[in-house]
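Read through the structure below, which is laid out as C-alpha coordinates, and then see the notes.
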Amino acid sequence: MSDFYLKVYEIVEQIPKGRVTTYGAIAKALGAIRSSRLVGIAMNNAHLTHPLIPAHRVVNRSGLLTGKHHFTNASMQKLLEFEGIEVIDDQVQKFSDVFWNPSEEL
DNA sequence: CACTTGACGAGCT
DNA sequence: TAGCTCGCCAAGT
(Lines give C-alpha, C1' and ligand atoms only; values in the text may rest on other atoms or scores of the structure.)
Protein backbone atom coordinates (compact mmCIF):
# COMPACT_ATOMS: atom_id res chain seq x y z
CA MET A 1 0.00 0.00 0.00
CA SER A 2 1.55 3.28 -1.10
CA ASP A 3 1.66 6.41 1.03
CA PHE A 4 -0.47 8.15 -1.55
CA TYR A 5 -3.35 5.79 -0.97
CA LEU A 6 -3.07 6.08 2.79
CA LYS A 7 -3.09 9.86 2.61
CA VAL A 8 -6.11 9.79 0.35
CA TYR A 9 -7.97 7.67 2.87
CA GLU A 10 -6.80 9.93 5.67
CA ILE A 11 -8.34 12.95 3.98
CA VAL A 12 -11.53 11.29 2.82
CA GLU A 13 -12.18 10.04 6.34
CA GLN A 14 -12.05 13.61 7.56
CA ILE A 15 -14.58 15.07 5.18
CA PRO A 16 -17.21 16.63 7.46
CA LYS A 17 -20.76 15.35 7.27
CA GLY A 18 -22.85 17.41 4.90
CA ARG A 19 -19.81 18.48 2.90
CA VAL A 20 -18.16 17.09 -0.21
CA THR A 21 -14.81 17.45 -1.92
CA THR A 22 -13.31 16.55 -5.26
CA TYR A 23 -10.73 14.09 -6.50
CA GLY A 24 -8.61 16.94 -7.75
CA ALA A 25 -8.76 18.79 -4.44
CA ILE A 26 -7.53 15.71 -2.64
CA ALA A 27 -4.74 15.22 -5.13
CA LYS A 28 -3.78 18.85 -4.73
CA ALA A 29 -3.74 18.54 -0.95
CA LEU A 30 -1.30 15.69 -1.39
CA GLY A 31 0.91 17.82 -3.62
CA ALA A 32 0.11 15.88 -6.78
CA ILE A 33 -2.53 17.95 -8.53
CA ARG A 34 -2.00 16.09 -11.78
CA SER A 35 -2.56 12.71 -10.25
CA SER A 36 -6.26 13.13 -9.67
CA ARG A 37 -6.89 9.87 -11.51
CA LEU A 38 -4.97 8.09 -8.82
CA VAL A 39 -7.45 9.37 -6.27
CA GLY A 40 -10.18 7.66 -8.24
CA ILE A 41 -8.15 4.48 -8.37
CA ALA A 42 -7.54 4.79 -4.65
CA MET A 43 -11.28 5.05 -4.06
CA ASN A 44 -11.73 1.97 -6.18
CA ASN A 45 -9.56 0.04 -3.74
CA ALA A 46 -10.83 1.95 -0.74
CA HIS A 47 -13.91 -0.20 -0.30
CA LEU A 48 -11.62 -3.23 -0.01
CA THR A 49 -9.13 -1.93 2.53
CA HIS A 50 -11.25 0.80 4.13
CA PRO A 51 -14.88 -0.37 3.81
CA LEU A 52 -16.27 2.43 5.96
CA ILE A 53 -14.71 5.26 4.01
CA PRO A 54 -17.24 7.98 2.99
CA ALA A 55 -16.48 7.75 -0.71
CA HIS A 56 -19.88 9.21 -1.51
CA ARG A 57 -18.60 12.58 -0.32
CA VAL A 58 -16.04 12.62 -3.11
CA VAL A 59 -17.25 13.81 -6.50
CA ASN A 60 -15.60 15.17 -9.60
CA ARG A 61 -14.75 18.82 -10.03
CA SER A 62 -18.18 19.85 -11.27
CA GLY A 63 -20.01 18.12 -8.45
CA LEU A 64 -21.09 15.23 -10.63
CA LEU A 65 -21.52 11.79 -9.05
CA THR A 66 -19.30 10.03 -11.56
CA GLY A 67 -18.58 7.12 -9.26
CA LYS A 68 -22.15 6.21 -8.38
CA HIS A 69 -22.01 2.97 -10.39
CA HIS A 70 -19.46 1.63 -7.96
CA PHE A 71 -21.99 1.75 -5.17
CA THR A 72 -23.79 -1.57 -5.24
CA ASN A 73 -26.10 -1.38 -2.23
CA ALA A 74 -26.96 2.13 -1.07
CA SER A 75 -27.08 4.69 -3.80
CA MET A 76 -24.51 7.45 -3.61
CA GLN A 77 -27.20 10.07 -4.08
CA LYS A 78 -29.31 8.66 -1.28
CA LEU A 79 -26.41 8.79 1.14
CA LEU A 80 -25.64 12.38 0.25
CA GLU A 81 -29.26 13.46 0.56
CA PHE A 82 -29.41 11.77 3.92
CA GLU A 83 -26.59 14.06 5.02
CA GLY A 84 -28.41 17.13 3.81
CA ILE A 85 -26.75 17.49 0.43
CA GLU A 86 -29.10 18.22 -2.43
CA VAL A 87 -28.51 16.02 -5.46
CA ILE A 88 -30.42 16.38 -8.69
CA ASP A 89 -29.66 14.26 -11.74
CA ASP A 90 -26.30 13.11 -10.32
CA GLN A 91 -25.32 16.73 -9.79
CA VAL A 92 -24.64 18.15 -6.33
CA GLN A 93 -26.69 21.32 -5.89
CA LYS A 94 -25.10 24.40 -4.31
CA PHE A 95 -21.84 22.63 -4.93
CA SER A 96 -19.68 25.64 -4.10
CA ASP A 97 -21.48 25.92 -0.75
CA VAL A 98 -20.89 22.37 0.41
CA PHE A 99 -17.46 22.04 -1.13
CA TRP A 100 -14.80 21.24 1.46
CA ASN A 101 -11.26 22.16 0.52
CA PRO A 102 -8.81 19.79 2.24
CA SER A 103 -5.80 21.99 1.59
CA GLU A 104 -7.44 24.97 3.30
CA GLU A 105 -9.56 23.44 6.03
CA LEU A 106 -7.40 20.52 7.05
C1' DC B 1 5.84 -8.21 -21.03
C1' DA B 2 2.81 -4.69 -23.81
C1' DC B 3 -1.38 -2.49 -24.22
C1' DT B 4 -5.77 -0.69 -22.58
C1' DT B 5 -8.83 1.35 -19.29
C1' DG B 6 -10.40 4.60 -15.93
C1' DA B 7 -14.35 7.19 -9.28
C1' DC B 8 -9.94 13.12 -12.98
C1' DG B 9 -8.58 17.73 -14.45
C1' DA B 10 -6.45 21.51 -16.92
C1' DG B 11 -5.29 23.55 -21.14
C1' DC B 12 -5.67 24.08 -25.98
C1' DT B 13 -8.25 24.20 -30.50
C1' DT C 1 -19.22 26.77 -26.16
C1' DA C 2 -17.88 22.21 -26.93
C1' DG C 3 -14.76 18.78 -27.90
C1' DC C 4 -10.01 16.92 -28.04
C1' DT C 5 -5.40 15.97 -26.04
C1' DC C 6 -2.28 15.08 -22.68
C1' DG C 7 -0.34 14.17 -17.93
C1' DC C 8 -0.58 10.87 -14.49
C1' DC C 9 -0.13 5.81 -12.93
C1' DA C 10 -2.39 1.57 -10.88
C1' DA C 11 -4.65 -2.50 -12.24
C1' DG C 12 -6.60 -5.56 -15.43
C1' DT C 13 -6.30 -8.27 -19.86
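Letters go in sequence order (proteins before strands), and every chain restarts at 1. The structure presented is a predicted model; accordingly, all values stated were derived computationally and were not measured.
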Kindly point out which of [options] is positioned nearest to the side chain of [X]?
{"X": "A/T22", "options": "C/dA11, B/dG9, C/dC9", "value": "B/dG9"}
{"X": "A/Y5", "options": "B/dG6, B/dA7, C/dA11", "value": "C/dA11"}
{"X": "A/M43", "options": "C/dC9, B/dA7, B/dC8", "value": "B/dA7"}

So A/N44, base contact, sugar-phosphate only, or nothing? Heavy-atom distance under 4.0 Å.
base
Mind checking A/F4 for me? I need base, sugar-phosphate or nothing, with any heavy atom below 4.0 Å counting as a touch.
nothing
Using atom [atom1] of [X] as one end and atom [atom2] of [N] as the other, report the distance to the nearest whole Å.
{"X": "A/Y23", "N": "C/dC9", "atom1": "OH", "atom2": "C1'", "answer": "17 Å"}
{"X": "A/I41", "N": "C/dC8", "atom1": "CD1", "atom2": "C1'", "answer": "9 Å"}
{"X": "A/I33", "N": "B/dA10", "atom1": "CD1", "atom2": "C1'", "answer": "9 Å"}
{"X": "A/L48", "N": "C/dA11", "atom1": "CG", "atom2": "P", "answer": "10 Å"}
{"X": "A/R34", "N": "B/dA10", "atom1": "CZ", "atom2": "C1'", "answer": "10 Å"}
{"X": "A/D90", "N": "B/dA7", "atom1": "CG", "atom2": "P", "answer": "13 Å"}
{"X": "A/I26", "N": "C/dC8", "atom1": "CD1", "atom2": "C1'", "answer": "16 Å"}
{"X": "A/K68", "N": "B/dG6", "atom1": "NZ", "atom2": "C1'", "answer": "18 Å"}

Under the 3.5 Å rule, do the base of [N] and the side chain of [X] count as making a donor-acceptor pair?
{"X": "A/R61", "N": "B/dG9", "answer": "no"}
{"X": "A/R37", "N": "C/dG7", "answer": "yes"}
{"X": "A/S36", "N": "B/dC8", "answer": "yes"}

Given the rule in the side-chain contact (heavy atoms from CB on, under 4.5 Å) test, do A/T21 and A/I11 qualify, once you have shown the distances and angles that lead to the verdict?
CA-CA 10 Å; A/T21 192; A/I11 290 177; 5.5 Å; no
Distance check, rounded to the nearest 0.5 Å: A/K28 atom NZ versus A/E104 atom CD?
7.5 Å
Hey, is the side chain of A/N45 poking within less than 4.0 Å of OP1 or OP2 on C/dA11, counting only N and O atoms?
yes
Nearest-angstrom distance, P atom, C/dT5 to B/dT4
16 Å
Once you measure the plane-to-plane angle for A/H56 and A/F71, does it fall in the parallel (<30°), tilted (30-60°) or perpendicular (>60°) bin?
perpendicular
Mind telling me whether A/F95 and A/F99 have parallel, tilted or perpendicular rings, with 30° and 60° as the class edges?
tilted
Pair A/E13, A/I53 - check side-chain contact (heavy atoms from CB on, under 4.5 Å), show working.
CA-CA 6 Å; A/E13 283 170 353; A/I53 211 163; 4.1 Å; yes
